[in-house]
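Lettering of chains follows the sequences in order, A, B, ..., and the numbering in each one begins at 1.
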Amino acid sequence: MSRDVRSTVFLPTTSFPMKADLPAREPLLLERWNRLGLWRRMRAQAAGRPKFILHDGPPYANGHLHMGTALNKILKDVINRSRQMLGFDANYVPGWDCHGLPIEWQVEQEYRKKGRDKDAVPIVDFRAECRAYAQYWIGVQSAEFQRLGVAGDWENPYTTMTFASEAGIYRELAKFLLSGQLYRGKKSVLWSVVEKTALADAEVEYHDHTSTTIWVKFPIEKTKEPDLSGTSIVIWTTTPWTIPGNRAIAYGPTIAYRVIEVGEVGEGSLARPGERLVIASERLAETADQARILTFATLAEIDGTALEGTVCRHPLEGLGGGYRFPVPLLPASFVTTDQGTGFVHIAPSHGEEDFELGRRYGLEIPDTVAGDGHYTEAAPGFVGIHVFKAAEPVIAALRERNALLARGTLVHSYPHSWRSKAPLIFRATDQWFIPMDGPHGLRAKALAAIEATRFVPAKGKNRLRGMIETRPDWCISRQRAWGVPIAVFVHKTTGEPLRDPEVCERIAQAFEVEGADAWWTRDPQEFLGDRYRKEDFEKVDDILDVWFESGSTHAIVLEKRPDLGWPADLYLEGSDQHRGWFHSSLLESCGTRGRAPYNCVLTHGFVVDAKGEKMSKSKGNVISPLDLMKTHGADILRLWVVSADYSEDIRIGKEILEGIGENYRRLRNTLRYLLGNLAGFSASERVPFEAMPPLERWVLHRLEEIGRLVRSCNEDYDYVRLYNAILNFCTIDLSAFYFDIRKDSLYCDSRNSLRRRAARTVLDILFDCLTAWLAPVLVFTAEEAWLVRHPGEEESVHLRLFPELPERWRDDALAARFERLREIRRVITGALEIERKEKRIGASLEAAPVLYLARSEDRALLEQVDMAELAITSGITVVEGPGPAHAFRLEEVAEVAVVPERAEGAKCVRCWRILPEVAASPERLCARCAAVVAELENGSA
RNA sequence: GGGCCCGUAGCUCAGCUGGUUAGAGCGCACCCCUGAUAAGGGUGAGGUCGGCCGUUCGAUUCGGCCCGGGCCCA
């Protein structure tokens with residue numbers, strides 16, 4: 001052999017590295033896209049196409065990204081990019097939720113560190129600091145989202161705190177006000193009597209607190225149940241000061257109760273022998289013990305349902321001339337027998353459950369306690385006493401009336417103010433509500449809108465419907481500073497809010513110019529104009545709940561921006577947003593526009609650890625997307641997103657990421673192999689479909705099939721299915737079959753050979769398809785691969801569309817033939833595997849098996865293709881018949897038998913096939929290779 | 001405690017309206033190749049379909065209970 005044969009072999013060559021090194025390479029691609037102005041180009045290119053609008057649910061502008069926000073944004077990005085490549089104009093405008101308590105809280109904490117007092121700072125200055133704080137985190141999060149490869153209008157996002165947004169949100173509120181869908185009512189909220197303000201849940205700390213507990217007798221006045229007449233209901237409470245506010249007693253309809261008559265009592269007992277009491281059976285022993293009742297007789301056992309319609313007298317009846325009202329017994333599911341007596345005293349002003357129950361049954365909601373913690377005139381006998389000092393006076397009054405059965409103390413977890421550390425109380429306060437029912441029928445509209453909306457997965461519909469069906473009126477007011485004000489004037493004598501469109505418009509215009517601060521800085525008379533006098537009105541100082549704000553983004557973003565549109569095609573958030581954004585957006589939009597702001601709602605689950613448990617700092621199982629960026633890269637994270645079923649909770653952990661890495665390498669190597677074998681490919685080399693060998697036509701058939709899957713999976717938002725299909729295609733069809741078979745042709749056939757040219761034509765198509773299909777997910781890798789093949793300053797895979805594949809490629813009959821061929825091939829590889837184990841062969845090219853086919857259809861199949869080529873053997877002999885008994889067979893492949901034989905002849909030094917003709921060649925080349933080598937020598941000579 | 005939901009091989013997922021020995025890829029084990037080489041090919045072992053009890057001729061698929069987990073309320 002005179003020359004280096006290896007140099008005549010067309011081995012793959014590419015600059016696309018096998019090692020991805022994503023953490024280093026991705027930032028370079030991001031820079032390139034910024035230089036290129038890729039986003040603007042994508043928009044310009046899609047101008048005029050049908051729009052696809054995924055409206056971004058605004059994350060809260062506070063803190064770094066976590067796995068949940070990363071999952072959410074990546075999923076949105078995959079969908080948007082896919083729609084863009086499907087031929088839509090998928091503009092994506094990211095947004096941020098900026099107002100609200102957490103930011104106020106952070107700013108206030110910074111104040112405290114510096115020893116400043118928030119209340120001493122003018123509200124407008126405080127709001128400015130909150131604004132700056134939000135702006136800072138918007139910058140941080142924006143950079144982090146972009147690092148994940150999320151494409152969007154990052155230069156022009158929306159936020160809820162721009163002056164335009166504040167004005168827009170106020171205009172939405174004004175729609176509710178002017179249409180009569182806004183009323184002021186009472187609500188029981190956690191209240192600090194020290195700061196004289198309502199507190200939100202996040203401002204509450206729970207500490208142990210020692211409370212005085214009391215057992216109180218409520219004499220029955222009226223009952224249907226004869227066993228109950230002349231008895232008293234016994235309640236237990238940890239807040240004696242709420243007794244003046246009592247208006248009802250709750251019982252459990254499924255709880256068993258007992259009527260007892262007190263026998264002997266111990267020393268100091270407040271119980272009187274002979275008196276009759278009603279207590280839950282399960283709580284009897286404990287209660288008797290506490291009351292020092294030594295003996296008692298059970299007079300009757302009754303079900304909770306027997307208590308229906310029973311009415312008691314108030315235990316303080318007559319005190320200070322008050323408490324002369326009936327105290328009804330009401331059924332409630334929250335009554336338990338874990339503690340107490342199985343009866344819960346209900347003070348509608350002083351507890352959430354109490355309040356809701358009171359509202360449902362139309363109870364009075366008295367203002368028994370003022371903001372500073374002192375009893376009002378509504379608490380006769382206690383006026384001016386502070387509730388924290390009320391236990392003894394209340395107990396004394398109860399004892400006087402023989403209404404106290406026992407007292408004690410209890411150490412329990414109790415809410416305290418995070419600021420003053422003082423214990424909190426529940427107190428009825430004025431709040432603003434949007435009614436769910438009534439003349440506007442918001443609930444009915446919302447339920448109808450849910451029916452008209454597509455939910456992915458479908459179970460989301462039930463969840464949202466269930467919440468809308470049972471929710472109380474929407475309380476939209478908060479007693480805070482950082483938000484859009486409920487800019488409403490209430491008439492001092494009528495108590496009615498002023499509903500004047502001109503006033504509202506003046507307020508809105510002021511907000512547009514100088515932001516919502518105007519509500520605090522301007523003279524109210526400016527808003528009221530000439531027709532009203534500010535002295536006649538009370539200016540509301542509450543702000544809007546942030547859920548109303550984010551619920552209005554459809555109006556201030558989709559409707560207002562000319563590059564978007566209303567309603568949205570899709571809202572996509574985590575499943576917690578059934579209670580949150582899906583919910584508030586639905587109510588806001590139904591209240592103002594009569595329908596949902598979205599046509600489709602997609603929900604995803606939560607990110608959990610490898611065991612399926614939630615990630616938390618205390619468990620130490622938190623995985624940060626920002627860390628993964630540094631160790632794995634965004635494409636790995638993105639691949640993780642599409643490889644998981646987002647309709648359920650999504651696990652992440654070391655093993656899972658390793659698996660994703662394996663799959664990533666498979667995809668990357670597929671692209672690399674394509675690139676390597678496409679070196680120097682040009683259009684002139686292309687072979688028309690009709691001239692292609694069956695194997696190529698089969699690959700094109702598979703491509704066409706997957707091309708349709710790409711479209712249907714996008715329609716269904718089913719990325720796992722698509723991802724698995726593409727991965728399996730690369731692994732089973734390409735790597736293990738098509739690529740393996742075509743190596744011989746690609747490496748050794750003449751450059752002019754039809755077979756090699758057809759193969760390269762198909763590789764080119766494969767490259768086009770795979771880079772496009774992977775581009776929405778592997779945004780960096782697909783771009784990197786694309787640029788290797790299509791270098792150019794202005795080039796980007798993200799400016800492409802998914803290829804339109806000709807339907808004529810579809811050939812189900814051909815696919816069926818290949819299915820059978822691959823079955824037969826499996827019998828051959830199975831037979832060769834035994835030979836390998838027995839060390840009779842190594843490479844499959846060392847074999848030239850005898851293939852016995854009993855079926856004539858199978859023999860006909862083998863006439864259309866070269867089975868040796870498909871099985872990568874040096875030869876094959878096809879014989880009619882069942883084959884000898886010792887032949888290799890597979891149970892699941894009927895009527896196929898293989899007798900392995902070693903290939904006869906010598907090994908071609910170029911293509912490594914073992915053929916008889918090579919033995920006769922002085923250069924040890926097969927006929928094909930000899931011709932190719934000659935061709936190359938002539939060409940180079 | 002209540003509402004909604006989930007639980008198929010080590011991992012990620014398929015399994016239509018109940019019906020033959022429950023599938024795929026990855027991983028794993030073994031073997032081969034050394035011209036995709038921190039690659040590639042082949043063969044194989046892995047599942048009492050969370051558990052228990054029902055309905056049924058028959059249940060991974062329907063019902064109940066329990067266990068484990070998640071979201072939202074309380």
Between the side chains of [Y] and [X], is the shortest nitrogen-to-carboxylate-oxygen separation below 4.0 Å, so that they form an ion pair?
X	Y	value
A/Arg840	A/Glu901	no
A/Glu705	A/Arg702	yes
A/Arg359	A/Glu356	no
A/Arg760	A/Asp749	no
A/Arg789	A/Asp764	yes
A/Arg755	A/Asp744	yes

Exercise. Is there a donor on the side chain of A/Arg579 or the base of B/C71 sitting less than 3.5 Å from an acceptor on the other?
Worked result: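 Counting by modelled atom types and ignoring angles, no donor-acceptor contact under 3.5 Å is found here.
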Exercise. Going by modelled atom types, is there a donor-acceptor pair between the base of B/A36 and the side chain of A/Ser735 at under 3.5 Å?
Worked result: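 Indeed, a donor on one side and an acceptor on the other fall under 3.5 Å apart.
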Inter-nucleotide [atom1] distance ([N], [M]), Å rounded:
N	M	atom1	result
B/C65	B/U55	C1'	15 Å
B/C16	B/A22	P	15 Å
B/U17	B/U60	C1'	15 Å
B/G40	B/C4	P	48 Å
B/C6	B/G15	P	14 Å

For this session: Take nucleotides 19-24 of chain B nucleotide by nucleotide from the 5' end and write B, S or -, depending on whether a protein heavy atom sits under 4.0 Å from the base, only from the sugar-phosphate, or from neither.
Result: -----S
For this session: Sequence neighbours left out, what pairs pass salt bridge (Lys or Arg N to Asp or Glu O under 4.0 Å) with at least one residue falling in residues 573-585 of chain A?
Result: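 Checked against salt bridge (Lys or Arg N to Asp or Glu O under 4.0 Å) - neighbours excluded - the pairs reaching residues 573-585 of chain A are A/Lys76-A/Glu573.
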Rounded to whole Å, please give me the gap between [atom1] in [X] and [atom2] in [N].
X	N	atom1	atom2	answer
A/Arg471	B/A74	CZ	P	11 Å
A/Leu674	B/G40	CG	P	13 Å
A/Leu746	B/G40	CG	P	17 Å
A/Ile660	B/G25	CD1	P	17 Å
A/Tyr664	B/A39	OH	P	13 Å
A/Asp740	B/G35	CG	P	14 Å
A/Glu835	B/U43	CD	C1'	14 Å
A/Leu870	B/G42	CG	C1'	16 Å

Give [X] one of three labels, base, sugar-phosphate or nothing, depending on what nucleic acid heavy atoms sit under 4.0 Å from its own.
X	value
A/Arg910	base
A/Arg672	sugar-phosphate
A/Cys748	base
A/Tyr723	nothing
A/Lys19	nothing
A/Tyr673	base
A/Arg651	sugar-phosphate

Give the minimum heavy-atom separation between [X] and [Y], together with the two atoms involved.
X	Y	value
A/Met615	A/Asp609	CG-N, 4.1 Å
A/Cys911	A/Cys748	CB-SG, 3.6 Å
A/Tyr646	A/Tyr717	OH-O, 2.5 Å
A/Leu845	A/Arg913	CD2-CG, 3.8 Å

For this session: Please figure out whether A/Leu890 or A/Gly605 has its closest RNA chain B nucleotide nearer the 5' end.
Result: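 Whichever sits nearer the 5' end wins; that is A/Leu890.
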Seminar exercise, completed: Its dot-bracket string being built from Watson-Crick and G-U pairs below 3.5 Å, with | for another strand and [ ] for crossing, RNA chain B has the pattern (((((((..((((.....[...)))).(((((.......))))).....(((((..]....)))))))))))).
Strictly distance-based, threshold 3.5 Å: is any side-chain N or O of [X] a donor or acceptor partner for the main-chain N or O of [Y]?
X	Y	result
A/Arg836	A/Gly842	yes
A/Ser844	A/Ile872	yes
A/Arg756	A/Arg751	no
A/Asn724	A/Val720	yes
A/Arg666	A/Cys730	no

Scan nucleotides 67-69 of chain B against the protein and return all N/O pairs shorter than 3.5 Å with their distances rounded to 0.1 Å.
from, atom 1, to, atom 2, distance (Å)
B/G69, O2', A/Gly612, O, 2.5

Exercise. Is the base of B/G46 syn or anti, where syn means the angle lies within 90° of 0?
Worked result: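 Base orientation relative to the sugar is syn.
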Strictly under 3.5 Å: I want the nitrogen or oxygen pairs between protein and nucleotides 26-33 of chain B, one per line.
from, atom 1, to, atom 2, distance (Å)
B/G27, OP1, A/Glu662, OE1, 2.9
B/C30, O2', A/Lys837, NZ, 3.3
B/C31, O3', A/Lys839, NZ, 3.0
B/C32, OP1, A/Lys839, NZ, 2.5
B/C32, O2', A/Gly842, O, 2.8

Can you figure out which of [options] approaches the side chain of [X] most closely?
X	options	value
A/Arg6	B/G35, B/G40, B/G42	B/G35
A/Arg665	B/C13, B/A36, B/A39	B/A39
A/Thr829	B/C13, B/U37, B/G42	B/G42
A/Ala736	B/G41, B/A36, B/C11	B/G41
A/Arg463	B/A39, B/C4, B/C11	B/C4

Under 3.5 Å donor-acceptor pairs involving side-chain atoms of residues 657-664 of chain A, not counting sequence neighbours:
from, atom 1, to, atom 2, distance (Å)
A/Glu658, OE2, A/Lys654, NZ, 3.1
A/Glu662, OE2, A/Arg665, NH2, 2.8
A/Asn663, ND2, A/Tyr723, OH, 2.9
A/Tyr664, OH, A/Arg668, NH1, 3.0
A/Tyr664, OH, A/Thr781, OG1, 2.6

